[in-house]
Amino acid sequence: EKGAYPHYMLKEIDEQPAVLRRLLQEYKGKTGSIAIDPAITRAISEADRLYIIACGTSYHAGLVGRQLIEQIAQIPTEVHISSEFSYNMPLLSKKPLFIFISQSGETADSRAVLVKVKKLGYPTLTLTNVEGSTLYREADYKMLLFAGPEIAVASTKAYTAQMAVLSFIAVAVAQGKGIKLDFDPVHELSLVAQAMERMIDEKALLKEAACDYLSVTRNAFYIGRGLDYYVCMEAALKLKEISYIQAEGFAGGELKHGTIALIEDGTPVLAFATQENVNNSIRNNVQEVTARGAHTAIISMEGVTAQPGDKIVLPKVHKSFTPLVSAIPLQLIAYYAALQHECDVDKPRNLAKSVTVE
Ligand code: F6R
């Protein structure tokens with residue numbers, strides 16, 4: 001039930017800190033650190049390469065997950081869109097393991113890949129929110145997202161839960177391999193939950209940003225680099241699907257190779273700048289589009305990348321986990337933009353909650 005909330009989407013956005021805290025409980029080991037099923041850690045450690053397979057928002061969570069798994073657990077990882085992978089399979093490594101990410105566990109495109117790779121005899125792991133769903137039943141290994149039912153068509157809390165569970169995999173496999181982490185994951189992820197809460201309390205600011213940047217426009221750009229780029233892809237998808245504003249998530253450095261031609265007077269360009277190593281370069285990209293008339297805003301991180309004049313400043317979290325916090329403003333901006341455009345937030349046109357056709 002959505003109770004006092006006007007929309008399920010808003011309720012589900014607000015639930016994200018609680019979902020993250022629940023996940024930290026569900027995946028807690030005896031020593032208080034993160035623990036996952038040892039059989040899963042073993043299977044992943046035996047693989048020479050991981051293949052993450054997903055669609056839409058789950059694919060975007062997979063892109064972030066790949067970076068975490070490669071950086072923290074040091075296992076080469078690829079991410080593929082299910083519907084592309086099915087007929088355009090890349091050359092596989094000798095010992096692949098497949099990770100399916102699916103909120104519903106019923107997505108036909110993802111299931112088609114699962115069936116195919118199982119036939120080839122490869123191990124499979126499903127991350128899903130729905131226990132007993134098709135992808136849950138048919139995979140060798142499974143991990144639940146514990147996000148609770150997600151009713152709004154636009155995925156929000158499942159997205160952050162997926163990134164959290166992928167971070168648990170990265171951490172648990174790293175620990176299993178004896179890789180020393182230079183941070184305490186449980187502590188850092190608790191800080192993430194707090195930071196999410198602080199952003200949820202900034203609804204007035206995010207609503208104002210949506211009004212200011214997105215109320216009259218028909219198109220918009222999100223730009224970022226590294227992890228922020230993946231966040232931008234999700235930000236653009238969320239905006240498109242619920243507000244019908246044509247949006248693109250773009251790698252900051254790639255703009256000048258063509259897309260910058262689309263920038264006109266007043267074109268909204270929102271930049272995520274949470275990563276210290278690319279802070280200067282993404283700000284240069286913002287200048288490039290500002291000089292061509294774009295209406296720009298920077299979303300940065302307190303004590304890391306923030307500078308005076310930034311529109312939205314996120315509380316500081318560990319650099320690997322910034323997408324979990326960025327999720328809140330991107331979702332709320334899309335939500336308020338959709339309200340501005342008088343769209344049916346929970347049931348956008350042409351879309352279904354689970355896509356059971358290929
Ligand atoms: C976007 C959205 C979709 C789903 C996609 C995959 O908000 O919800 O892009 O992420 O259809 O669905 P699942 O995760 O159920 O496989």
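All ligand and atom numbering here is 1-based and tracks the order in the structure.
- Ligand 1 has no N or O atom lying under 3.5 Å from any N or O atom of S110, backbone or side chain.
- Side-chain contact, S58 with Q162: a donor N or O sits under 3.5 Å from an acceptor N or O.
- Nearest protein neighbour of atom 12 (O) of ligand 1, counting heavy atoms only, is T107 OG1, 3.5 Å.
- When the heavy-atom distances from atom 8 (O) of ligand 1 to V355, L237, V153 are ranked, the shortest goes to V153.
- For R292, the salt bridge (charged side-chain N to carboxylate O under 4.0 Å, His left out) test picks out no residue, with sequence neighbours left out.
- There is a side-chain donor-acceptor pair under 3.5 Å between R66 and Y230.
- Listed by number with element, the atoms of ligand 1 under 4.0 Å from a non-hydrogen atom of A154 are 7 (O).
- Looking at T290 and T296, their side chains do bring a donor and an acceptor atom within 3.5 Å of each other.
- In E106, neither the side chain nor the backbone holds a heavy atom less than 4.0 Å from any atom of ligand 1.
- Looking at T126 and T128, their side chains never bring a donor and an acceptor atom within 3.5 Å of each other.
- Sorted by first and then second residue, the salt bridge (Lys or Arg N to Asp or Glu O under 4.0 Å) pairs with a member in residues 11-20 read K11-E15, D14-K203, E15-K157; sequence neighbours excluded.
- S110 and S82 share a donor-acceptor pair across their side chains, judged by distance under 3.5 Å alone.
- Proximity to S155 (heavy-atom distance under 4.0 Å) selects the following atoms of ligand 1: 7 (O), 8 (O).
- Only the side chain of K238 comes within 4.0 Å of ligand 1, judged by heavy-atom distances.
- A donor-acceptor pair under 3.5 Å is absent between the side-chain atoms of H295 and the main chain of L270, judged by distance alone.
- Between Y59 and H80, the distance separating the two ring centers is not shorter than 6.0 angstrom.
- Near G56, the atoms of ligand 1 lying under 4.0 angstrom from a non-hydrogen atom of the residue are 9 (O).
- When heavy-atom distances to ligand 1 are checked against a 4.0 Å cut-off, T57 comes that close through both its backbone and its side chain.
- Near S58, meaning under 4.0 Å from one of its heavy atoms, ligand 1 places the atoms 10 (O), 13 (P), 14 (O).
- At the top of the distance list for atom 6 (C) of ligand 1, counting protein heavy atoms only, stands C55 O, 3.4 Å.
- Shortest contact from atom 15 (O) of ligand 1 to any protein heavy atom: S104 OG, 2.7 Å.
- Within ligand 1, the atoms closer than 4.0 Å to a non-hydrogen atom of E241 are 1 (C), 7 (O), numbered from 1 in the order shown.
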